[in-house]
Every structure is written in C-alpha cells, then in structure tokens.
Amino acid sequence: MKVRSLKLREAHKSSSSSNGSFCSILWDHQAHHLVTASSSETTISIHDPLLPSNPPKILRHHRDGVTALALSPNSTCLASGSIDHSVKLYKFPSGEFQTNITRFTLPIRVLAFNKSGSILAAAGDDEGIKLINTIDGSIARVLKGHKGPVTGLAFDPNSEYLASIDSIGTVVYWELQSGRVLHTLKGIAPDTGSDLSVMNVLSWSPDGETLAVPGLKNDVVMYDRDTAEKLFSLRGDHVQPICFISWSPNGKYMATSSLDQQILIWDVDKKQDIDRQKFDDRICCMAWKPIGNALAVIAVTGKYGMWESVVPSSMKSPTEDIPSRSKNNNGLLLFDEEEQEPSISGSLSDLGEDSHGESELPSRKRIRKQSVFEEDLDEDVNDELDVFPRTSRKKAYSTHKEHFEKRNGPRSIRKSARTNMQEAFQPGATPVQPGKRRFLCYNMLGTITTMEHDGYSHIEIDFHDTGRGPRVPSMTDYFGFTMAALNENGSVFANPCKGEKNMSSLMYRPFSSWANNSEWSMRFEGEEVKVVALGTSWVAAITSLNVLRIFTEGGLQRHVLSLDGPVVTASGFQDQLAVVTHVSDCLPSNDQMLEFKVFNIAKGTQPLKGRLPLTPGSQLTWFGFSEEGQLSSYDSKGVLRTCTDLYGGSWLPLFSASKEKMSDENYWIVGLNAIKLFCIVCKNPDSFPQVMPKPVLTLLDLKFPLASSDLGAEALENEFMLNNFHISQIQKRMEEMADAGLDTSLLDDESFNIEAAQDRCILRLIASCCNGDKLVRATELVKLLSLEKSMQGAIKLVTKLKLPNLAERFNSILEERLLNETKETPNASHLNSNNSASGGVDAAAFSKASTSTEISEPVIPSSSVKLSVPMFKKKDKSPEVVKLGNELTHKNQNANREVKNTEATNAGTVKNTLLKSSNNQEKVDKAGEVNQEHPQRPSNPFFKSSIK
C-alpha cells in the first residue's frame, strides 16, 4: 500500500513539552468552517477551508489552554472547555461570546452535544460528568461512576445512552432517561497515564448500533449498543496504541490515528484497512468532512491539514447513504421516565459512588424501549440556536424585568392603568403550589400533571379511559412548563420567558406518528407564550405580543395573526380555535371587557366573533368546547353559557351554580356534554382541586335559570328548552354534514330520539296546563308537537280530562295541518330523501301517513322540514306518545290506568285518516314500547353516550 505525504499548516504554537499538546479540530455541518484549538493556547481559531491562506477568526476568552471543543448539530453554538475549569458558549460562526455555562473544580477534558443540541455533556479531571441544559444553563444531571479523569464522551444517535471513557481505560454506559449505569467495562482501553497529549476516546457509529473503543492490542474494538458485548475488532498495521478514532458520515469507513504517527482508513464491513497516511508528528484529532471525501487532521504540534480523496473513487463515497437522523435543533431537554426511581442529579459532592457498580450481565440482551416519545426524544426543527441564556437566574430575572419595562413601560404605570384586567390563563390548569403536584391540563380526555423538584419537573399524562388513549410515558421537564393542552393526537407544552434572553419555548409531542422524529419545538426571544391550544392537525400559541401563531402538526409555521388585545384564554376543537381577548380596560365597576373569536383553521375563516358575556363583577374561569363542539364559558359567579346560532349568535345560560351548590362549595369545571356538566366540587376556601388524593368527578344536570312558573313545572319547562336547544344544534350539524356530502343517518336517529322525548315532555306540560286552567298555553304547546302519534295523544288527553272545547280546538289545528300537508304531498314525493329544507321545530312540526296517494309504500311528508324523509318513516313507527297521553289522562282522573288504544270519545270529529294511520301502527306497537325505556349512561362518565 502506497504511503503518501500530507503537508500541514500551523494553526497553533507547539508546546514546549516533549509530548506536545492535545489539539482539537472539527467541521461545521455544512463544511463552511473548520474550528481548531490547542491545550497550549488560550485561543480558538475559526478557519475558512476554501481560503486556508486567509487568517482565521480568533476567539480569546479562556485564561488557559483550550482542551475541548464541541459544535451543536446545527452549527449555531460552539462550546469550549479549558484547563481554567470553565465551559463557554459562543454563537457560531460569528464567534460572539454568550456565556460561561458552567465551571468545574479541575480542568475540562471533553465536551459533547446530544443530537438536538439541547444537552451539553462536560467532563474532566474531577471524574464527574455534567449534563447541562443549553437553554437556561441549568445542570440537568451529574453522573458519577469513573475512578479517573474522563477523557471521552459520546451520545448515541438515538438519544438513549451516553458512553464515557476515562484515562485508565474504563468505559461506562449511562441510561439518559434515569441517569443510572447500565454497563461498566473495566480496563478495555489503554491506560494513558499522565500524558495529557493523549486522550482515550470512543465513538458511536452513525446508526447508533455499535460503540467503537481503542483496544489493548493496537486495535479498535466494537461493542454492542444494548448488551455491551464485544462484536469484533479492527486490527491492522498500527504498531502502537490508537489515540483517536472517527467514523465516516455514513458509518461505512473509519479513520484511526495511532501513537505510531499513522492514520489508517478502514472498510468496517470488510474489517480491513484500505488506505493509510504517515505523518511527521502524532495526529491527535480528526474530523471527516460532512460534504465530500476528505478528512481534516491536526497534530500535537498544532499543525492541521486536509487529506483529500480519503476513500478511493472506486468505492462508495463516505457521505453516501447516511443513516436517517433528525437534522436540526429544537432545544429540548425531556427525558422519558418509565421507572419511578429518583433521578441522579445535584452537585458532584451530593452523589455517593456506592450506587454505581457493575450492571446486568453482558450476556443478557437488554430490551430496547420502543415508545414513541423515546424515538422522538430530541426531534429537531429548522430554527437557529442564535442565543443561549446564562446560568445566573438573578441576572436573567433582572434582564427580563428590564425588557418588560422597556417594552411596556414601568410596572407602576401599567398597574395603575390596568389594575383589574384579568391575567391570561390556561383552561383546566391549577396554580403553582411549591412541593405539590399540580394540573397543567385537566379536560374530558385526560390530565397532564407536573411537580417541581430540585430545578426540574416530573410530568405525567393520564387518560380517564385507558382504552381510548395511548399509554404515554412520563417525562422529566427541565424548562419549567407552566401550560399544556391535550387531545387525542398529542400534547403541547409551553413555558414563560426564561434566561437572560427572555426565551419562551413551545413543544409538541404527538402520541403516534409514522415518522420517527415527529416531536418538535419552537422558541421565541422576547416574546412569551401565554396560552396554547390543540385541534385536528394544528397547534396554536398566543403570545405576549398579541400574536396568534398557528403551526401544523408536523411543526410547519402556517399562520401568524395579530389580535386586537391581550389574550385571556383559548381552546381548540377539531378545526375550530376559539380565542378570548381583552377589548379594553375594565369598566369602573370592574367588569371585564372581553371579546371572543372563532377561527376555522382548515378553511382559513372566522365564522364567529363577538363580545363574551360575563356575570357583572365576575371573571372568566373556564373556556372551551363541549363534547359536541359547542363553545362554552364559565365565570367566577358560577354561570355556564353556551354559544348558539339563535338570534344571530347568542349565548344561552345553561347552568347557575348559585341554584345548585351549598354555601361552602366551589365548582371547578372540567367540561360538558349535551346534558351534563362535569366538574370537581371543592370545599371552601379551596377553589381548585389537588392532584392527590385523586379528585372525584361530579356530574350536574344542565338547567336554564328559569323564573318560578305559575304551573310549578320548572323541571318540565327546563327539559322543554334543553330539548329545543339540542334539536337546533343537531339540525345545524346535519346541514353542515349534508353540505359536505357526508352521511347524516346517525344524526337522523339522534334527532328523532330527541324529538320523541320532546313530544313526551310537551304532553306532560299540556297536562299541567290543563290542570292549572292555562288553556291558551296548552294550545300553544300542542302546535309544537312534531310526531303524528303525539297529536293523537294530546286529543285523547284533553278528551279524558273532559275539556271538549280544547279538544275541538286541537282537532281544528289537526285538520288545518292535514289540509296543508295534503297540498304539499305531490311536491314532497319528488324530493330526494337525502335533501333537507329550511324550518325548525315549530307549530307545523308534525308528520302523518298520506292517504291521498295510493302506492305500495306510503309517502310520509314532513312538516319538520329540516329533517329528511327517512327520519319520518322511523317516526311513524313510534306509538309511545299515544300511550303517554293515555297514562296522563288516567293519572289526572284517578281512574283505571288501562285504556284501550282504539277508544275515542270524540271519534266523530277525528278524520278517517287518523284511524287508518292508527291501524297502520298496530304491527309496530311492541317495537315502539321499547323506545320508552331510556338507556342508562355508561358507568364511565368520560365515555360518550349515543351522541356520536
């Protein structure tokens, strides 16, 4: 094999030591820059590889030699470690100094970023490994287990393990999610002794399946990712121990440097060397060019150079078929935690070493975790890490305060101007309680809880019905998320501004995805996320700049909208996003001036907008959608309102706590459906629940705040109004589905059931009116009956009550309706059964069997014209309302409860049409009786009843 010579160029002065200095070299991810450093100089050099004769950019911030360099995967942040015990961060490629992110008690020897750049691992002569959160500079964990200076660190590409090696040749596998030691391999690498120009190193293959470590026989040994078992070794013409190894970008090749001043290039699959290069001095660091076929090297003398065409042109390029990996930084530090063991955190002195020993036997294959979150742990988004906050929390707070006052004016002025304006809140969240777990989100689907401990938080996601939602592993939050939203597809988290740069973070975690890296995050500098919301395939965040930011489920920034005022809260349901903002300052009476807007994200429209009604002197405490998609609100005075299309878009008060609760109770709202309000009852003085013990969910009936009726039938009147409300909402949904070309048969059935229940309610109200001598009101009610049998039942009812005048009036109404329907029958027969016309449940809401046409199957026209013809065929099969009328009659007369269905004392005034229609129903009377039994609600209150 021919040995070629390579000319090197001086980057740093050589050390006076006979062994030389340990020097570092690395590329940025686009191969636009080379970065070098030397342990004998305090400077860092940034070179232009295209113009090597140009002087490099020099960074002068350390007070002693630079021993370690690391560049974030998206090449926006450069980290350096030094003999002066400090770790510094810089913007890249500008080289602008950002912060001293941490300090050690002894010199630093190695640095490494994780795949996303959110964690920086640092280690050195004091034997401990610090995992540093690059967002705010906090120490995520400290790992202790080595007995000598740590000289090599490597995050596996799948973000599950960290591998480390020390100067005495011990390798440790660490599990990132818990911080515990998985495997300890003692004495498998050379002991470098006191020679500081030689560092034991190790490196994961790009696919994360293999860990490469220098061996004791001048070779490189490959170890299994999970079991740490020895797989194979690369042994060739090195005659002295290997001091550096570097995988090619595609993992097919490896470069090894040895104390014998040679570099060998290996074909890993074939386990043989394919080229070599001899140097005058020992090469202590190498870096494959990320784009192209070249290898950058630097010697212990501080000289660097470029080895071009490393791999022969006849072989596959080192950058071809690179394993799929995420490409950029999201700045997240979230560890998956399935075990309940406390994490290893704190300072170096806080942790004893007795808990770190040999792990499970290497022969036992460790089962890999395949949860979605672990596969997506460090999902990246193409945003730039332009800034990194300093570690000083006090300084960060003062900077945030200065920024706030600069933008909004002095705090005292703002306070006097808006003393009582309600602050933004997240629906379903409870306040921070030191030392206690709290709810970030509590809705009809599940809960998200968090508890802060030693600078980080432990987050858990649970579903009320475990059969409906996926199992979501818990996670550790180092960002201090204070708000969250949850739906069937995923969860979104956000935190307020943190750090010196006032950076607020937004993170979305899908529960399942066809892609491995579907988790994403965004960061906002000088802009604080106030409220988050989720819907079908979209994520929304409203910020302190009165900006609504809408993202797709995959993280695409889709829309940025300006709002009219400061946000109060927001909620999402399917394609709809509802946002509440302040219109102006409070009134002198301290009443909030709020406005709501509903956005249809899929269509890009704003179908609803208006003032949000509140009880005088109250504040908004909950805002969201019902299970059926009705926009609803709840205020601090205990009034629940729902938005409808009635009267141009009005809010209906469906519940008032003042008429329900005891004096020492408060209702904390979770959600609602068509008939029930779901809440947690809190005893005074508590206004919100605790996570432990698990709160008990209470179901309350929705009730209009009605006036006291002279009939004493408030319950029936409330049922009557609720049924009308439900029917109007179902008809609206049917129209929307019909316009979209969707099948409405399920809604047809639902509407029929509610209409039948409404007729039963009206018959009871008619009986009450008759007993209370409110005959005009009874006549108004009979006009609202929608089913044919209901009319028959009403006639029989008033006949049994010996009210012939009222019976005659009812018959007149019936005759008029029959006449009108007879005229409409020819037109109705030409209607398509899937079409619906305008109209509602009113005085003409009545159906009958047509006798004017002689066909094998009768055409049954509908005067409840919003409902389709097939529904009325079903209606014609329900005789229960007749039986109800008979029952009511005999209750009022205290007579025998058994009445023959064929009896009619006023038969002379009832047309033969009714008799024929009644005969047609005899065959289905038994089937109709089944409909009188109301199905019981499932025991699980979060399981939807037969609505959808």
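The figures here come from the full heavy-atom set of this structure, side chains too, leaving out hydrogens, waters and symmetry mates.
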Check for a donor-acceptor pair, side chain of [X] on one end and backbone N or O of [Y] on the other, with a separation under 3.5 Å.
X	Y	value
Asp635	Val639	yes
Thr621	Tyr634	yes
Ser518	Trp514	no
Thr569	Val580	no
Thr822	Leu818	yes
Asn805	Glu808	no

For [X], which residues count as a side-chain contact (heavy atoms from CB on, under 4.5 Å) partner, sequence neighbours excluded?
X	value
Gln426	Ala429, Met483, Ala485, Val531, Val532
Asn718	Lys703, Phe704, Leu706, Leu722
Thr536	Gln574, Asp575
Thr642	Gln630, Ser632, Leu654, Leu672, Phe725

For this session: Please report the C-alpha distance between Ile813 and Thr779 in whole Å, then the side-chain angles of each, then the deciding distance to 0.1 Å, and finally whether the side-chain contact (heavy atoms from CB on, under 4.5 Å) criterion is met.
Result: CA-CA 9 Å; Ile813 295 172; Thr779 305; 3.8 Å; yes

Is the shortest heavy-atom distance from the side chain of [X] to the side chain of [Y] under 4.5 Å?
X	Y	value
Leu577	Val579	yes
Val539	Ile550	no
Phe599	Leu561	yes
Phe511	Ile461	yes
Asn489	Tyr508	yes
Phe810	Leu785	no
Asn443	Cys441	yes
Phe551	Leu556	no

Which atom pairs, donor and acceptor, lie under 3.5 Å between side-chain atoms of residues 710-717 and protein residues at least two apart or in another chain?
from: Asp710; atom 1: OD1; to: Arg777; atom 2: NH1; distance (Å): 3.0
from: Asp710; atom 1: OD1; to: Arg777; atom 2: NH2; distance (Å): 3.4
from: Asp710; atom 1: OD2; to: Arg777; atom 2: NH2; distance (Å): 3.3
from: Glu714; atom 1: OE2; to: Ser709; atom 2: N; distance (Å): 2.9
from: Glu717; atom 1: OE2; to: Ser709; atom 2: OG; distance (Å): 3.3

Once you round to the nearest 0.5 Å, how far does [atom1] of [X] lie from [atom2] of [Y]?
X	Y	atom1	atom2	answer
Leu702	Asn673	CG	CG	7.5 Å
Glu719	His726	CD	NE2	10.5 Å
Cys761	Ile766	SG	CD1	10.0 Å
Met444	Leu486	CE	CG	13.0 Å
Leu608	Gln576	CG	CD	7.5 Å
Leu445	Asp462	CG	CG	11.0 Å

Exercise. Is the Phe678 to His464 ring centre distance short of 6.0 Å?
Worked result: no

Problem set entry | Ring center gap for Trp622 and Tyr667 short of 6.0 angstrom | no

Please report the shortest heavy-atom distance between [X] and [Y], naming the atom on each side.
X	Y	result
Val492	Ala533	CG1-O, 4.5 Å
Leu775	Cys770	CD2-CA, 4.3 Å
Cys643	Trp651	N-CE3, 3.6 Å
Lys783	Arg817	O-NH2, 3.3 Å
Ile448	Ala484	CD1-CB, 3.8 Å
Asp743	Met737	O-CE, 3.0 Å

For this session: Go through the steps to decide whether Asn487 and Phe573 satisfy the test side-chain contact (heavy atoms from CB on, under 4.5 Å), and finish with yes or no.
Result: CA-CA 9 Å; Asn487 68 5; Phe573 177 81; over 6 Å; no

Problem set entry | Worked verdict on Trp668 versus Cys679 for side-chain contact (heavy atoms from CB on, under 4.5 Å) | CA-CA 5 Å; Trp668 193 78; Cys679 66; 5.9 Å; no

For this session: Sequence neighbours left out, what pairs pass side chain to side chain donor-acceptor pair (under 3.5 Å) with at least one residue falling in residues 596-606?
Result: Asp564-Lys597

Exercise. Passes salt bridge (Lys or Arg N to Asp or Glu O under 4.0 Å), Asp759 versus Lys789? Steps please.
Worked result: CA-CA 9 Å; Asp759 278 11; Lys789 288 297 182 180; over 6 Å; no

Problem set entry | Pair Arg641, Thr615: side-chain N/O donor-acceptor within cut-off below 3.5 Å | yes

Problem set entry | Intermediate values then yes/no, side-chain contact (heavy atoms from CB on, under 4.5 Å), Ile762 and Phe720 | CA-CA 7 Å; Ile762 291 175; Phe720 168 75; 4.0 Å; yes

